[in-house]
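Computed from a predicted model, the values in this text were never measured in an experiment. Quick note on labels: first sequence line is chain A, next is B, and so on, each numbered from 1.
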There are 4 protein chains.
Amino acid sequence: MAQSRTAPDASRRNPSSRRAILAAALDLVGEVGYTKLTVEGIAGRAGVGKQTIYRWWPSKGAVLFDAFLTLNEGQDGEVQTLPDSGDLEADLKLVLRATVAELNDPRYDEPMRALSTEITHDPALAAAYAERLDGPLRQLKRERLHSAQRAGQLAEELDLDVAIEMVWGPLLNRWLHRSGPLTPEYADQVVETALHGLRPRP
Amino acid sequence: MAQSRTAPDASRRNPSSRRAILAAALDLVGEVGYTKLTVEGIAGRAGVGKQTIYRWWPSKGAVLFDAFLTLNEGQDGEVQTLPDSGDLEADLKLVLRATVAELNDPRYDEPMRALSTEITHDPALAAAYAERLDGPLRQLKRERLHSAQRAGQLAEELDLDVAIEMVWGPLLNRWLHRSGPLTPEYADQVVETALHGLRPRP
Amino acid sequence: MAQSRTAPDASRRNPSSRRAILAAALDLVGEVGYTKLTVEGIAGRAGVGKQTIYRWWPSKGAVLFDAFLTLNEGQDGEVQTLPDSGDLEADLKLVLRATVAELNDPRYDEPMRALSTEITHDPALAAAYAERLDGPLRQLKRERLHSAQRAGQLAEELDLDVAIEMVWGPLLNRWLHRSGPLTPEYADQVVETALHGLRPRP
Amino acid sequence: MAQSRTAPDASRRNPSSRRAILAAALDLVGEVGYTKLTVEGIAGRAGVGKQTIYRWWPSKGAVLFDAFLTLNEGQDGEVQTLPDSGDLEADLKLVLRATVAELNDPRYDEPMRALSTEITHDPALAAAYAERLDGPLRQLKRERLHSAQRAGQLAEELDLDVAIEMVWGPLLNRWLHRSGPLTPEYADQVVETALHGLRPRP
DNA sequence: TTGTAATCGAGACGGTACGTCATGTCTTGCG
DNA sequence: CGCAAGACATGACGTACCGTCTCGATTACAA
């Protein structure tokens, strides 16, 4: 299956250039922000020619995305499963508080906003994100919820994907649009409300 | 409160130039997308000098924001209140299905993504958004939920803001990150799940 | 008579930028040579944006050409006429020796080679050169020869343009192709040989 | 005489690559012109790696020069001597008309301009040119003039190199700088004027 | 009625970054 | 080892926009 435009030969790729580029991209997006992140800047910081970036990535966003990928693969072994103490509410609060902490961490905030923006405007990148980054994490969440479902802590007819979005959606939205303070208490509140529902207790 | 740099005199502002600029911004963001939207492009399309834009708006995002504002004020009278038939679930489904339809409408999709991106990266704009665009709408939602609360359809101790985010958050997230199909059925599912909670019915 | 591509408005042109560009071009061609002369270099040296060069000149060669033009117009008044002592041979030797000196002057050598190269490869520039730079000078030469012709020192049927090329051509060729030493003696020799012809004296 | 940088072993050189490179250089300079002639282009057209060019030639100009050399050696046997009918004027006109024809031939025009430019800016190449290309031809000219001198058709004290430049210089200049039409009549005129001199016939 | 002071369209300006192209060096794998 | 292939750091290309600026020409308020 040949490429139309003389596809570069990946076997000849210089791996240290690749690493330098991804590291530079992550560094820079944190330092100068997404809007002022430039391909020239990345190349300069990485000690690499611009062409070496354009040869292997179609866009600034793709570089950033790859940087995130390796970041996550770098920590592999770390998050293989979500905590499962048997107490779903406690476990979810734990995880969501961790998420809140990460989103509030300036080292992650700007890069993740950048990634979100790229995904927002590039469906291809969104698909890659869904498959490579969000997918595995969502699988973990699904498994934890499924375990709870088997334990009778979640409704049998519940669509787990909807459940996931109900728990994490409010958080991400508040973070992205700064529509309110992103505190551990908020995380707790969301978990409680999602589990109990909006209706009065019977 | 005087500006240091000879603040422009708003009374002398040419309203037709303003309208042309906002209209051009909306048109263009739909045509060429957020990334390729330029101040020069807006000025050219609006038949206006670049300086006329820079005189009245601090950034491209501010123009876009203003364009949305006038868009909403243009339709005023339309959404003064949310439907209140007494049946909260039905009313919410109605409203969320309308939201889904809007987000899927190509005329709104790209401009709203653009606005979202600007908000993501500009806290000042986010504040303006919270006050001028999101605020009034959220107030309507809050009122509808409050009415339901008074009718005993929602828990008394419920934080209405959390409730709002639990209902609309999943939708906005799925739209923004394209993490799944954005259908009327999904809207229904979200409403039902939010109202009942994730737990099994007792 | 409108231009097709939104011709720039010459009346708004910044004359000091123009001067800085031409001066920088002349300086740089002398310093780094024609091959390494770059538009970016000129812009940098002149403290000017690249676009300001591209706005007003179609090519690097055109800038260089303009630089020569202003150089010559700058010295106006200097060479209005060629010396006419009545002794054609002496006058020509004087002029040719001056030309030799100029061609050997490092300040002129490199820039003139650059100009020659541009003319060689760009007919449009060659036409401009013929009209604006070579033309006036050639007219002076023609006049001096015509004066000699009237004085009976040149053949009546002589084509003065051919005569001019016979006198200056050898010099320019030797200079351009370095086909031999370019000395005052050579200048004298050329004048003598051209005047007497190659044939034996009768 | 060892090179510092592991001089390539000429005996292992692939002669067919060499020929392909020289042919490609000549073809391309005619097709795209001197300015757009690139080493990559030559390598691509020749089906050769870039390194094979850089290994054997120091510069683009050297390739071009070599291409000319082989071109001339290819026609060897053709011009071993200049015509010598005894009538110098007729013979010179014949030769100069041939030169005019060659310079006007589009197959030779662009390549020769390219070579001329390289020579203009590279003294080393100019020396090589003087020795390998111009030298032999000049020797033929010198011999023909010498023959005429012996026959009493040229002045005894004449410097034959000056004479050669007086005859060919005007032609080359007019060609290179396009300072006038390059016609057979012009060739004749130059010959006549050079032989008779500018002075009136006695 | 006539300044006079602002906005306006237009667009030149010094810059930064774009994405492409060519340079000359280096590395890989074939013959 | 020469060679075809092509990745690499470098740097210039010519273009697109940035945000500032200057230029008449309207336009509206104050003298």
Side-chain angles (χ1 to χ4, degrees), chain A residues 6 8-14 16-17 36-44 46-56 58-60, chain B residues 5-6 8-14 16-18 20 36-44 46-56 58-60, chain C residues 6-14 16-18 20 36-44 46-56 58-60, chain D residues 5-6 8-14 16-17 20 36-44 46-56 58-60:
Chain A
T6 53
D9 179 352
S11 73
R12 298 202 149 195
R13 187 168 188 177
N14 182 339
S16 77
S17 288
K36 291 178 186 165
L37 179 69
T38 68
V39 173
E40 289 202 333
I42 297 171
V48 136
K50 271 198 294 180
Q51 197 62 40
T52 301
I53 297 184
Y54 285 112
R55 184 159 27 236
W56 300 110
S59 70
K60 185 174 71 180
Chain B
R5 268 284 166 197
T6 52
D9 179 352
S11 71
R12 290 188 155 234
R13 187 168 188 178
N14 182 341
S16 77
S17 288
R18 179 175 185 275
K36 293 180 185 165
L37 180 68
T38 67
V39 173
E40 291 204 330
I42 297 171
V48 139
K50 277 200 292 180
Q51 194 65 355
T52 302
I53 297 183
Y54 285 111
R55 182 155 32 231
W56 301 108
S59 71
K60 186 174 70 180
Chain C
T6 52
D9 180 351
S11 73
R12 296 199 151 200
R13 187 167 188 176
N14 183 338
S16 77
S17 289
R18 181 176 185 274
K36 292 178 184 164
L37 180 69
T38 66
V39 173
E40 288 201 334
I42 297 171
V48 139
K50 272 200 291 181
Q51 199 60 43
T52 301
I53 297 184
Y54 286 112
R55 183 157 30 234
W56 301 109
S59 69
K60 184 174 72 180
Chain D
R5 268 282 167 197
T6 52
D9 179 353
S11 72
R12 291 189 155 235
R13 186 168 189 177
N14 182 339
S16 78
S17 287
K36 292 179 185 166
L37 180 69
T38 68
V39 173
E40 291 203 331
I42 297 171
V48 137
K50 275 199 295 177
Q51 194 65 352
T52 302
I53 297 183
Y54 284 112
R55 187 162 21 239
W56 301 109
S59 70
K60 188 172 66 181

On a plain distance test, is the side chain of D/Lys50 in donor-acceptor contact with the base of F/dG6 below 3.5 Å?
no

Please report, rounded to the nearest Å, how far the P atom of F/dA12 is from the CD atom of A/Glu40.
12 Å

Please give, in whole Å, the distance from E/dT20 P to A/Ile53 CD1?
13 Å

Under the 3.5 Å rule, do the base of E/dC26 and the side chain of D/Gln51 count as making a donor-acceptor pair?
yes

Heavy-atom side-chain contact between C/Lys50 and C/Ile53 under 4.5 Å
no

Contact under 4.0 Å: A/Thr38 side-chain N or O vs E/dT16 OP1/OP2:
no

Comparing nearest nucleotides in DNA chain F, the 5'-proximal residue of the pair C/Pro58, A/Arg55 is A/Arg55

Taking every non-hydrogen atom, the tightest pair across B/Lys60 and B/Leu37:
NZ-O, 3.2 Å

Specify the closest pair of heavy atoms between B/Asp9 and B/Ser11, including all atoms of both residues, with the distance to one decimal.
OD1-OG, 2.7 Å

Categorize C/Arg13 for me: base, sugar-phosphate, or nothing, with a 4.0 angstrom heavy-atom threshold over every strand shown.
sugar-phosphate

I want to verify a distance call: between F/dC13, F/dC8, F/dC17, whose nearest atom is closest to the A/Asn14 side chain?
F/dC8

Whichever of B/Tyr54 and D/Val48 has its nearest DNA chain F nucleotide further upstream toward 5'
D/Val48

What's B/Gly47 touching, base or sugar-phosphate or nothing? Going by heavy atoms closer than 4.0 Å.
sugar-phosphate

Please confirm whether the shortest side-chain N or O distance from A/Thr52 to OP1 or OP2 of F/dA9 is below 4.0 Å.
yes

Specify the separation, in whole Å, of atom CG of C/Asp9 and atom C1' of E/dG9.
13 Å

A/Arg12 side chain, from C-beta outward: closest of E/dA5, F/dA12, F/dG6
F/dG6

Just how far is it from atom NZ of A/Lys36 to atom OG1 of A/Thr38, taken to the nearest 0.5 Å?
11.5 Å

Hey, which sits more toward the 5' end of DNA chain E by its nearest nucleotide, D/Lys60 or B/Ser17?
B/Ser17

Heavy-atom check, side chain of B/Arg18 versus side chain of B/Trp56, under 4.5 Å:
no

Taking the nucleotide of DNA chain E with the closest heavy atom to each, which residue, A/Lys36 or C/Trp56, is nearer the 5' end?
C/Trp56

